[in-house]
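Below: one structure, written as structure tokens.
Reminder, nothing fancy here: chain letters follow the sequence lines and each chain counts from 1. Quick caveat, the model's predicted, so the values are computed rather than measured.
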2 protein chains.
Amino acid sequence: MNDRPPTQITQIRQALTNQIDSGLLAPGMKLPSERELCELFDTTRITLKDALLALEAEGLIYREERRGWFVAYPRLNYNPLYRTYFQRMVTLQKRQVETKVVATGQVVATPVLCKDMELAPLTRLYQICRLRYIDGRAVSYVEHFLKPERFPNILERDLSKSLTQTYEQFYDLHFSRSRFEIYPSAARGEVAQRLNVTAGSPILMITRVNYDQRGMLVDCDHEYWRHDAVRISVDSQAEQPWGNEDQA
Amino acid sequence: MNDRPPTQITQIRQALTNQIDSGLLAPGMKLPSERELCELFDTTRITLKDALLALEAEGLIYREERRGWFVAYPRLNYNPLYRTYFQRMVTLQKRQVETKVVATGQVVATPVLCKDMELAPLTRLYQICRLRYIDGRAVSYVEHFLKPERFPNILERDLSKSLTQTYEQFYDLHFSRSRFEIYPSAARGEVAQRLNVTAGSPILMITRVNYDQRGMLVDCDHEYWRHDAVRISVDSQAEQPWGNEDQA
DNA sequence: TAGTGGTCTAGACCACCCA
DNA sequence: GGGTGGTCTAGACCACTAC
């Protein structure tokens, strides 16, 4: 059933997919400009763009605002239960990682935060906004929300280093439990700018709430990931960072 | 910085977002046709469509092929570690659930399946394809791949019922462990048709591998979710279906 | 059969990036 | 300053849905 002749969009998608799969177009390489591709496939920019958008949705290509289209990198495997040592996790996959602090300060918790963190209305929180780069590309924008009483003077520390490590070293804090939620959404405003994507681009949203060794809720993260940069990977039987399994 | 006047796309998006947030446009309601909206916002279909696509990416609206645009329903909360009793999980959230068997048969494992399921090349597997409906809407297309030796004659059973229950009842099988991966992708071919979405629409892909009470790998699922229909929700300390926590 | 979205044409101007 | 993608115009035909 439904054996229509392939649309132009499909044909263009196929052609580019083949080039990428064959390795002729390697990760990070820039595609020809939209206008050149139009000529190549003898079509208009609108049609061509529909094809590029479909490939973007699949995660095969990505764009940088007004710079062009590029072949996507392999996804990073990410287990959100291991907030611990994010940087080590990346390094183990032989990828380069960098963290930049974008902003820090105090905010009044939003209603959503109050609910997620079980706070009284109008509670103040520390906020730390960071940008994560993998292989030189901004792949996730992260907002951390911390209970201030648990982290005195933390905003004066070097926050470009591992937060987990800072927690352990200066606040005697080890995670005992995490819960997280994941859902697809779209980039808007600041997130879009920071990740260098067009407003409305698909992103993967991860929110996480963390508890310390006494079971106290200590902080919450909002992570905005480029949708093509990550693969969530969880094993119910994997060794947990807080060691409820034997060490190998 | 960057205080451009809002684009038409942004304005249309805002206007529709407000209508939806205020509840004037309720879940399931059909939007006016694209041509009507064009007149309403005094613009062309291309521009209007860009705005609708952005809202679709956010998960606020969805479309059905050539039927129109609709206001999205709340997301289903889904914990992939609880493959157990999917139907009960949905019912607990006061949503209607239905499962339809689309196809069954035997297939030769693809290379990807061989790797995920640790199979020798060219191994045969049972395949069960099902479609899941929530509140009457097709929200996920699921392919189950079963090791045949573990499930004799299962294809002759009623597969529209809970697979978990069938496993327990007829094959003395209880899950002891699951691992899963999640990543955003795009719908193509059969998946797009089954879920009634345009080829290239964003979807959320979940693959899961399951082990029985003896730790043996028994089956694997490929789940294709409408990206706006689901929110993944995992708690490292939650009670597991196989009971490594006290029962409440 | 009327109306819908899906696809497609052939242009245009603009903001921004880079050399 | 030349090239890029982002936005936008004003149409058209077609396949499919709902009636």
**Message:** Is B/S33 close enough to C/dG3 that one of its side-chain N or O atoms is under 4.0 Å from OP1 or OP2 there?
**Reply:** no
**Message:** What is the separation between atom CD on A/E39 and atom C1' on C/dG11, rounded to the nearest whole Å?
**Reply:** 15 Å
**Complete:** From CZ of B/R66 across to P of D/dC13 the rounded distance in Å is 17 Å
**Message:** Restricting to ring pair (Phe, Tyr, Trp, His ring centres under 6.0 Å), what partner residues turn up for B/Y62, sequence neighbours left out?
**Reply:** B/F70
**Prompt:** Under 3.5 Å, is there an N or O donor on one side and an acceptor on the other linking the side chain of A/R67 and the base of D/dG5?
**Reply:** no
**Request:** Give one of base, sugar-phosphate or nothing for A/R63, where a contact means two heavy atoms less than 4.0 Å apart.
**Result:** sugar-phosphate
**Complete:** Rounding to 0.5 Å, atoms CZ (A/R75) and CZ (A/R226) come to a distance of 12.0 Å
**Message:** What's the closest nucleotide to the side chain of B/E34 if the choices are C/dG5, D/dT4, D/dT17?
**Reply:** C/dG5
**Asked** To the nearest Å, how far apart are A/E36 CD and D/dT4 C1'?
**Response** 11 Å
**Prompt:** Roughly, in whole Å, what's the span from CG in B/L37 to P in C/dG3?
**Reply:** 16 Å
**Distance-only donor-acceptor check, side chains B/E223 and B/T207, under 3.5 Å** = no
**Item:** Modelled atom types, side-chain donor and acceptor of A/T43 and A/Q8, under 3.5 Å
**Value:** yes
**Request:** Please list, by residue number, the residues of residues 41-57 of chain B whose heavy atoms come closer than 4.0 Å to an atom of DNA chain C; answer none if no residue qualifies.
**Result:** B/R45, B/I46, B/K49
**Message:** Determine whether a donor-acceptor pair (one donor, one acceptor, N or O, separation below 3.5 Å) exists between the side chain of B/R35 and the base of C/dG5.
**Reply:** yes
**Prompt:** Whole Å only: how far is the OH atom of B/Y62 from the P atom of C/dG5?
**Reply:** 14 Å
**Asked** Starting at the 5' end of DNA chain D, which residue's closest nucleotide do you reach first, B/T10 or A/P32?
**Response** A/P32
**Request:** Write down the distance between CD (A/Q193) and P (C/dA15), rounded to a whole number of angstrom.
**Result:** 16 Å
**Passing option when B/R45 is tested against B/E36, B/E34, B/E39 for salt bridge (Lys or Arg N to Asp or Glu O under 4.0 Å)** = B/E34
**Prompt:** In terms of side-chain heavy atoms of A/T7, which of D/dG6, D/dC8, C/dC8 is nearest?
**Reply:** C/dC8
**Item:** Greater than 12 external heavy atoms within 6.0 Å of B/Q96's CD
**Value:** no
**Asked** Given atom CD of B/E64 and atom C1' of D/dA15, what is their separation to the nearest angstrom?
**Response** 17 Å
**Asked** What is the nucleic acid contact for B/Q8, judged by heavy atoms within less than 4.0 Å: base, sugar-phosphate only, or nothing?
**Response** sugar-phosphate
**Request:** Could you list the residues that satisfy salt bridge (charged side-chain N to carboxylate O under 4.0 Å, His left out) with A/R157, not counting sequence neighbours?
**Result:** none
